[in-house]
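First comes the structure, then the notes that go with it.
Both counts, for ligands and for their atoms, begin at 1 and track the order of listing.
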Amino acid sequence: MQLEHQPEIVVLQDPEAVAHFVVSEIIKQVKLKANSVLTIPTGKTPERTYELLVEAVQNGEVNFDKVTLRMLDEYACLERKDSRTFQNHLRRKLIDPINFPNDRFQTIDSWPEDDFPEEARRFENLIKRTPSDLTILGIGQNAHIGFNEPPARPTDRTRVVQLSDDTLRANKKDISKHGKRTPEFAITQGIGNILESKRIILMATGKSKADIIRQAVREAVSAHIPASYLRLHPKTIFFLDRAAASQL
Ligand code: F6R
């Protein structure tokens, strides 16, 4: 049996405050270790965080010259130019505005000409010897972190996964594009990779996340609540707004 920890839970007024706190944690991390490796998510929750982070880098509040940014997950089977890829999303929101160089941006590629299991192996080999210093996560309605859908195992590594119906439904508005196929598969860092990170931050905002946050924090650690595995990590902080914390 693995030791369980009580995650630190920080409840803040609103999503804006959550974004500010997460940015200040990122800045602290990079000031402590200039060559930090940061795993970063996509999705709606961190969007404001990236806007604030771009401002902080542009103002010289923090120096990203030695930082490595690492993707958490990516849809499988979208074209290189498709605006829906997580990689293109991160490029628009963070990478391009701060002129972050490609050689320190560790990406998972979505392009259809690639062999996805091979792409997952390539990424796993790239990251396995250098665990992330800080991993930032959102949480899905079914408690997925990255695209680790339930049931998930704490030993899972980077691999190709099939998206659950819950996730396809939740993401439909963003990923269904007229006349284009909706991706049903993804490549994700596994729970095992996430738990190797030296520190983990999970951010969640809004009432729609309240029940799943309660389950992740209060219910027994289980494969059916992938985010509950974060309690096996001694340095996890949950940054929540009041709405997301309302069932704790
Ligand atoms: C995205 C990711 C997902 C999202 C989750 C929440 O890279 O890994 O686990 O964090 O689906 O998405 P939002 O933030 O859109 O509610």
Practice problem: Show your working on salt bridge (Lys or Arg N to Asp or Glu O under 4.0 Å) between Glu124 and Arg121 and close with a plain yes or no. | Solution: CA-CA 5 Å; Glu124 173 68 23; Arg121 273 193 295 278; over 6 Å; no

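Looking from atom 16 (O) of ligand 1 to the surrounding protein, the closest heavy atom is Lys209 NZ, 2.7 Å. The protein non-hydrogen atom at the shortest distance from atom 9 (O) of ligand 1 is Gly146 O, 2.8 Å. What sits closest to atom 15 (O) of ligand 1 on the protein, heavy atoms only, is Lys44 N, 2.8 Å. The nearest protein atom to atom 4 (C) of ligand 1, hydrogens excluded, is given as His144 NE2, 4.2 Å; this is a heavy-atom distance. In terms of protein heavy-atom proximity, atom 10 (O) of ligand 1 is nearest to Gly138 CA, 3.4 Å.
By the 4.5 Å heavy-atom criterion applied to side chains, Asp82 and Tyr75 are not counted as neighbours. For the pair Lys128/Arg157, a side-chain contact is recorded, criterion being any heavy-atom separation below 4.5 Å from C-beta on.
With hydrogens and angles ignored, the 3.5 Å screen pairs no side-chain donor or acceptor of Ser110 with any backbone N or O of Glu74. In this structure a side-chain-to-backbone donor-acceptor pair under 3.5 Å is missing from Asp109 to Trp111. A distance-only check finds a donor-acceptor pair linking the side chain of His233 to the backbone of Lys235 [under 3.5 Å].
Compare Thr167, Ile139, Thr45 by their heavy atoms: the one nearest to atom 6 (C) of ligand 1 is in Ile139. Here the shortest heavy-atom distance to atom 2 (C) of ligand 1, taken over Thr39, Leu137, Thr205, Asp73, belongs to Asp73.
Atoms of ligand 1 lying under 4.0 Å from any heavy atom of Pro41, numbered from 1 in the order shown and given with element: 7 (O). Each of the atoms 8 (O) of ligand 1 lies under 4.0 Å from some heavy atom of Leu72. In summary, the atoms of ligand 1 found under 4.0 Å from a heavy atom of Gly43, numbered by their order in the structure, are 14 (O), 15 (O).
Of the polar atoms of Gly140, none of the N or O atoms is found under 3.5 Å from an N or O of ligand 1, judged by distance alone.
Across every non-hydrogen atom of Phe123 and Arg70, the tightest pair is CZ-CG, 3.8 Å.
Taking the six-membered ring where the residue is Trp, Phe100 and Phe64 present perpendicular rings, their angle passing 60° and hence far from 30°.
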